[in-house]
Amino acid sequence: MPPIVEIINVSKSYRRGNQMIPVLIDINLDIEEGEFLALMGPSGSGKSTLLNLIAALDHVDSGTIRVGGVDITALSENELAQWRAVNVGFIFQFYNLIPVLTAFENVELPLLLTGLSRKEREEHVAMALRIVNLEERMDHYPAQLSGGEQQRVAIARAIVTDPAILVADEPTGDLDRIAAREILDLMDRLNRESHKTIIMVTHDPKAAERARIIRHLDKGFLNNVYSQNPH
Amino acid sequence: MGVPLSYSFRNLWTRRLTTILTALGMALVVFVFSAMLMLAEGLQKTLVETGSSDNVVIIRKGSATEVQSGVDRYQASVVETLPEIAIGKDGNPLLAKESVVIISLQRRVTKQENYITIRGIGKSSLALRPQIKLVEGRPPRLGTSELITARSVAERFEGSGLGETLRFGLREWKVVGVFDAGNTGFNSEVWGDAEQLMQTFRRNAYSSVIFKLRDPNQFDAVKRLIENDPRLTLEAKRENRYYAEQSEMMATFLRILGTSLTIIFSIGAIIGAMITMYAAVSTRTAEIGTLRALGFKRLSILTAFLLEALLLGGMGGCTGLFFASFLRFLSVSTMNFQTFSELAFDFRLSFDIVWKALAFSLMMGFVGGVWPAVRAARMNIVESLRAT
């Protein structure tokens, strides 16, 4: 089976004043379906940029990224938005929930972009909240939930459309030790039981330990050395 | 489906104070806008309702109002012989040769002098205007110095109440009755015998001749007959059309004044809405990034913020209209520029004003919100997400 994510000769640089700063240099990476990959590296190494490119939030300067066989570097702005809605689930460091919407409504947001009926949406949201064990708090607003609970709602929002890949940018970066462990347990479970492909950027070695494969980025280059965690 | 409406609505609710203050700014503009339109509407309605389409007003060719007109006795008697004139219950033609003069009266409270129309009437004048009801006293006897006054005049001017005496034209005039003319221009008039008034003011000509048509469809034929008769220098108008024309200049003036004031005020309200919406966009940068990341298109973001601005405008519009609607209970009087006399009328709220005011408030919301919404829609996703 071909890899679910294929990154071929991807480079990306940012402009700072008159200078072009290279962030990613000729990256090649394959991620298999059902993989749990951690991207590690010091600040400024380009790991978040790589994650943004895989999730189609940003554009490559050169190279190709294929996800599920689709060349996302060739899609238009609107096609990318549609593609993200179907194929990518996002887990952010600061949860990025919409404060004026309840947990239920936050999880329902990605489903509004599908053709599902109201009843079907309700069923999907209830199931996603059941998976993260927050069904009984569906009517709470983000401000009424703890950090760990908010991140669980964010995970429910990420999985509600059953996307091909989950991308997580420092998902435990804003949580205490116990909440962080709960989130990692949940991600672990999603990977093992639901066979979700997870790509996670993290600084935290404890978080990275949960991934099956850890790849290191340094100054825009992807190290060939990678560790495989025993599970 | 786009970003849910509840998102826009709850964001406004979350920033309640800013929302209320911005909406109040818009409400003020809508209030002024509606008030001026209601004033113009009230004036026009009052004057239009004054006339009846069955009645014909004959005035001198080229004169816009009875005040400027003169119909000499010979010409009036030619008109009187027209067979198309309806006959009253008493067997006489339903025709009145009337004379209009303007005098100055003193207000009871402020002691301020105001010009009031005195209408010299004939014996059919009351029968020609069934909308006029005598509420106190009796009609004036012809050939005497007796007057009847409209209720709004009787209440507000010295000497014009029932049993009181008015002094003008070197004579004393006794008020023997008070009439209610509803919301018509007659409600600002004083009536007495035409012949007595003409003698007092040394007039040889009537101001107008009013008659009721036997068949209202004969108006065009009667008009042609009068205007083509070489003995006559007169023109004929339907009574309602005659009063509608009188209201046009004043109503247009009020509308232009209202629109000018509103435009000036609305610039301030639009800037207020724009500041509010720019602040909303800048404090919700990360949310915009998140929505875009989740797959919402630029158009959805634009629509959500525009909807928020329109809701803001709509709230302002409804509030402004709500307060303006209380003006209906107010009656005002002003100088009618075309007759130089006092005219009392009410503010009138019509469906036309409601939709115009709401459309105007939504327009303010749209203009105030469009640039902030465009800015929100054009944000770069990665940069927006960094604003967390």
Side-chain angles (χ1 to χ4, degrees), chain A residues 12 14 23 48-49 51-53 55-59 76-102 104-118 121 141-143 154 157-158 160-161 163 167 169-170 173-174, chain B residues 1-20 276-277 279-305 307-309 311-312 315 374-388:
Chain A
K12 174 80 183 169
Y14 285 115
V23 185
S48 288
T49 303
L51 194 75
N52 289 339
L53 291 176
L57 295 179
D58 211 349
H59 302 278
S76 70
E77 184 88 30
N78 274 346
E79 286 168 336
L80 281 177
Q82 220 156 354
W83 180 84
R84 279 195 303 272
V86 176
N87 294 287
V88 191
F90 290 91
I91 306 166
F92 302 98
Q93 180 179 359
F94 299 105
Y95 337 124
N96 288 38
L97 297 177
I98 308 297
V100 297
L101 301 181
T102 62
F104 181 95
E105 290 164 334
N106 266 289
V107 178
E108 193 190 19
L109 269 180
L111 293 175
L112 297 176
L113 299 164
T114 67
L116 294 179
S117 68
R118 191 185 175 87
R121 291 203 304 268
Y141 286 93
R157 181 179 65 186
V160 75
T161 52
V167 295
D169 195 353
E170 303 278 8
D174 196 47
Chain B
M1 199 185 282
V3 181
L5 181 64
S6 55
Y7 173 74
S8 306
F9 188 77
R10 284 189 212 158
N11 269 306
L12 285 175
W13 179 246
T14 306
R15 298 174 283 123
R16 286 189 278 287
L17 186 65
T18 322
T19 301
I20 289 169
T276 303
M277 288 311 297
V281 171
S282 96
T283 52
R284 272 147 58 198
T285 303
E287 278 175 48
I288 295 164
T290 308
L291 289 168
R292 296 270 288 117
L294 293 179
F296 287 95
K297 293 178 184 166
R298 288 187 194 278
L299 188 65
S300 299
I301 305 295
L302 182 93
T303 312
F305 277 89
L307 214 64
E308 202 167 310
L311 272 171
L312 202 57
M315 275 188 248
V374 167
R375 187 183 159 187
R378 288 169 65 97
M379 277 182 178
N380 176 287
I381 305 177
V382 175
E383 283 169 20
S384 311
L385 287 170
R386 279 200 203 113
T388 309

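Quick note on labels: first sequence line is chain A, next is B, and so on, each numbered from 1.
Heavy atoms closer than 4.5 Å to chain B are found in the side chain of A/Tyr141, but not in its backbone. For chain B, no part of A/Gln93 is nearby; none of its heavy atoms comes within less than 4.5 Å. Contacts of B/Phe9 with chain A are absent, with no heavy-atom separation under 4.5 Å from either backbone or side chain. Only the side chain of B/Leu291 has a heavy atom closer than 4.5 Å to any heavy atom of chain A. Using a 4.5 Å cut-off between heavy atoms, A/Glu108 does not touch chain B at all.
Side-chain contact between A/Asn106 and A/Pro142 is present, with heavy atoms from C-beta onward closer than 4.5 Å. Within the 4.5 Å cutoff, side-chain heavy atoms of A/Leu97 are placed close to those of A/Arg157.
Remark: B/Glu308 engages B/Arg15, B/Arg284 in a side-chain hydrogen bond (donor to acceptor under 3.5 Å, both in side chains) (not counting sequence neighbours). Every residue was checked against the ring-ring contact (aromatic ring centres under 6.0 Å, His included) condition with B/Phe305, not counting sequence neighbours, and none meets it. Listed by chain and number, the residues in a salt bridge (charged side-chain N to carboxylate O under 4.0 Å, His left out) with A/Asp169 amount to none (sequence neighbours excluded).
With A/Asn52 contributing its side chain and A/Leu57 its backbone, the two residues share no donor-acceptor pair below 3.5 Å. Formation of a donor-acceptor pair under 3.5 Å by the A/Arg84 side chain with backbone atoms of A/Ala56 is found in this model.
Annotation for A/Tyr14: atom OH counts as buried by contact number, over 12 foreign heavy atoms lying within 6.0 Å.
Of all residues spanning residues 375-382 of chain B, those with a heavy atom less than 4.5 Å away from chain A's heavy atoms are B/Ile381, B/Val382, arranged by number.
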